[in-house]
Engineer: 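Can you keep this structure in mind? I'll have questions shortly.
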Amino acid sequence: MIPPYLPLPPSDRVLSPRTGWTRAHWESLADHLLEAVTPYASPGQAQFRLPGRASWSGVVLDGLEGFARTFLAAAFRIAGAGGDVPHLVERYARGLAAGTDPSSGESWPVLTDCSQQMVEAASIAIGLHETRPWLWDRLDDGVRERVVEWLGGFVGKRTWDNNWMLFQTVTEEFLKSVGGPYEQREIDRGLERIEDWYVGDGWYTDGGTRNFDYYCGWALHLYPLLWTRMSGDTGRAALYAGRLREFLGTYQHFFGSDGAPIHQGRSLTYRFAAVAPVWLGALADATPLTPGQTRKLASSVVRHFAERGVPSPDGLLSLGWYGPFLPATQAYSGPASPYWASKAFIGLLLPPDHPAWTEREQSLPIDEHDVTAAIPAAGLLLHGTRHDGIVRLLNHGSDHGAPPDDPHYAKLAYSTRTGPEAAEHAWARALDNHLALIGPDGVASRRTGIRPLSCHAATASSSSGTESGAGAEAGAVITSTSAVCGPWEVRVHEITGGAGSAVREGGYALSDTSPPASVTGDGWALARRADGLTSAVIGLYGWARASVAREVESNAFGPHSAVPCLHADSPGLHVSLVVLSGDEVHPGALRDAVTVDVSAGAVVVTFPSGTSATVARG
């Protein structure tokens, strides 16, 4: 239910039978977010110093971030309204004037190598390009000159070798379009670099490591196509559009039927920025989705957060997920960082009469039937279930660069209804969705760099090591295979080495406002929330016993967590059934219904439906 403090129009269940949301709802939400930050603006509107933990960049840069990221939403709102929001035009015109005026007392720091200013400069450049007739062209000559001078600080500077290179590309392309300073080789450098990062299936890695997450959509697809809107390069536009179309073919499955995104990767506090590539597909005529599916998907994601208190009653986006939760952020995250969510409003660039706004909402595959989608290039396997609307992501390829030092990358699985145990005290225990070797010192091994082995249809596999210096388990190799059918995932783990270590595997962490109920049986364990959501692990081969571990204040989905776990006394072959379901789960019956045939050369798993999967050994 939408909270009463959020000023939105009445639902339109004729045009939007599934969400009730129309273009008017998107405009109202944008207006609400933009008005809520005004009490925190500096006198000249050049900085928005929002409440919350400061980033490592300091309060001045955090204030610039507040201007630039809200300007992105304002720019899409201005352009979408044909400039007919004069208060926004005036507000950000004043901010541009003061932010580039060294005598204003609120001027922005100059751009330096690898500085946070680079990120924010790109948002300003995009905003200025998209609002050019209503804002840039009407600025005083002196203000335009100062803006060009400030943005021109990008020329000749070094960026980080990842998506940051695209900030330089779009900023200098804007400068080129207005007669400012630029270096063509610097514009080209970012575009050439992403060719090195393109791995196929519509996916880019961010910076050349096995770094696959939402940045692929809200950065690596977004900035190149926005660059083509500045440059008019039709050849590259066609190339990027083709990749985006392929990307959206599987990306549409990253969201549950209720609009919840899979909770995986970094910068999750950007929340509904995850729908930016969905709208971009319609904007660039580069989507396999129908117009009605595009709006249904985008609106369901934003509505999902709105129903859970985002924005909060003060109208602000906090550092967290639903509520504040700092373990889902990074050290570079400041109080205005969540406003990269502004990218979600890029859909407002579509004219009001575009079919994405005027056609009736249409259901997505997860609304109609169970879905399975493999992304071989990234080593990711998705499986979603229509009856409860949950989507699960099985991670056999994304590790954020070895070793995976973040619970949002290191786990075997993520979902739309659960989050990893991310607080430092819980992360150290390495419980949920993790296969750990436990040495005599009691230390649980971490997953090192992931080596993808296969990913297709309904199975995926990978191998990883255990870090050295962690006890008897050091140097072991774990080969893991996931086979899925409906809500079920069978995991086959073969461990080489690690003599003297015990073994533990955890399922999905369930979190709620009160402690989830738990039950253990003969070789199985489950945790159940009050709403019926159940996480269970069932030992099928090689396991000795089960338990349920509990944590507090460690999960973005609630302060009380429970993780069902399996235990064995030594390494070897271990086969487990992992379930996350909105339906009632009967572990004993499932253990009898899912059969495992182990031989020297293979493990054959047969699901209750009769579907089978063969996992080679050795």
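Index from 1, following the sequence. Quick caveat, the model's predicted, so the values are computed rather than measured.
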Engineer: Which residue pairs pass the ring-ring contact (aromatic ring centres under 6.0 Å, His included) test when at least one of the two sits in residues 521-543, sequence neighbours left out?
Structural biologist: Trp543-His574
Engineer: Counting distance only, does the side-chain N/O of Arg529 pair as donor-acceptor with the main-chain N or O of Ser511 below 3.5 Å?
Structural biologist: yes
Engineer: Who are the salt bridge (charged side-chain N to carboxylate O under 4.0 Å, His left out) partners of Asp213, not counting sequence neighbours?
Structural biologist: Arg266
Engineer: With sequence neighbours excluded, tell me which residues meet salt bridge (charged side-chain N to carboxylate O under 4.0 Å, His left out) with Glu489.
Structural biologist: Arg491
Engineer: State whether Asp388 and Arg417 are salt-bridged, where the test is any N-O pair (Lys NZ or Arg NE/NH1/NH2 against Asp/Glu carboxylate O) under 4.0 Å.
Structural biologist: no
Engineer: Output yes when a side-chain donor or acceptor of Thr269 lies under 3.5 Å from a complementary backbone atom of Ser318, and no otherwise.
Structural biologist: yes
Engineer: Please give me the minimum heavy-atom distance between Pro420 and Asp432, naming the atom from each residue.
Structural biologist: CA-OD2, 3.2 Å
Engineer: Do you know the tightest heavy-atom contact between Pro564 and Ala525?
Structural biologist: CB-O, 3.5 Å
Engineer: Is the backbone N or O of Tyr508 less than 3.5 Å from a side-chain atom of Ser535, with the two atoms forming a donor-acceptor pair by type?
Structural biologist: yes
Engineer: Could you grab the distance from atom CD of Glu246 to atom CG of Asp201, nearest 0.5 Å is fine?
Structural biologist: 5.5 Å
Engineer: Look up atom CH2 in Trp160 and atom CG in Asp206, then write down how far apart they are to the nearest 0.5 Å.
Structural biologist: 13.5 Å
Engineer: Taking the six-membered ring for Trp, are the ring centroids of Phe254 and Trp203 within less than 6.0 Å of each other?
Structural biologist: yes
Engineer: I'd like to know if the side chain of Arg243 reaches the main chain of Gly202, judged simply by a donor and an acceptor atom lying under 3.5 Å from each other, with no hydrogens or angles considered.
Structural biologist: no
Engineer: Might you point out which heavy atoms bring Ser501 and Gly439 nearest each other, and give the distance in Å?
Structural biologist: OG-CA, 4.4 Å
Engineer: For the side chain of Arg303 and the backbone of Thr19, is there at least one donor-acceptor N/O pair under 3.5 Å apart?
Structural biologist: yes
Engineer: Just jot down the salt bridge (charged side-chain N to carboxylate O under 4.0 Å, His left out) partners of Arg550, sequence neighbours excluded, or say none.
Structural biologist: none
Engineer: Parallel, tilted or perpendicular for Phe557 and His263, by the 30°/60° rule?
Structural biologist: perpendicular
Engineer: Mind checking what makes salt bridge (charged side-chain N to carboxylate O under 4.0 Å, His left out) contact with Arg271, not counting sequence neighbours?
Structural biologist: none
Engineer: Working to the nearest 0.5 Å, report the span between CD1 of Ile262 and OG of Ser415.
Structural biologist: 7.5 Å
Engineer: Using atom types as modelled and distance alone, determine if a side-chain donor or acceptor of Asp370 lies under 3.5 Å from a backbone N or O of Gly486.
Structural biologist: no
Engineer: Has Tyr409 got a side-chain atom pairing as donor or acceptor with Phe212's backbone, closer than 3.5 angstrom?
Structural biologist: no
Engineer: Which residues pass the side-chain hydrogen bond (donor to acceptor under 3.5 Å, both in side chains) test with His253, sequence neighbours left out?
Structural biologist: none
Engineer: Donor-acceptor check, side chain of Tyr339 to backbone of Leu317, threshold 3.5 angstrom: yes or no?
Structural biologist: yes
Engineer: Could you check whether Arg528 pairs with Asp512 (Lys NZ or Arg NE/NH1/NH2 to Asp/Glu carboxylate O, under 4.0 Å)?
Structural biologist: no
Engineer: Can you label the angle between the Phe247 ring and the Tyr251 ring as parallel, tilted or perpendicular, going by 30° and 60°?
Structural biologist: parallel
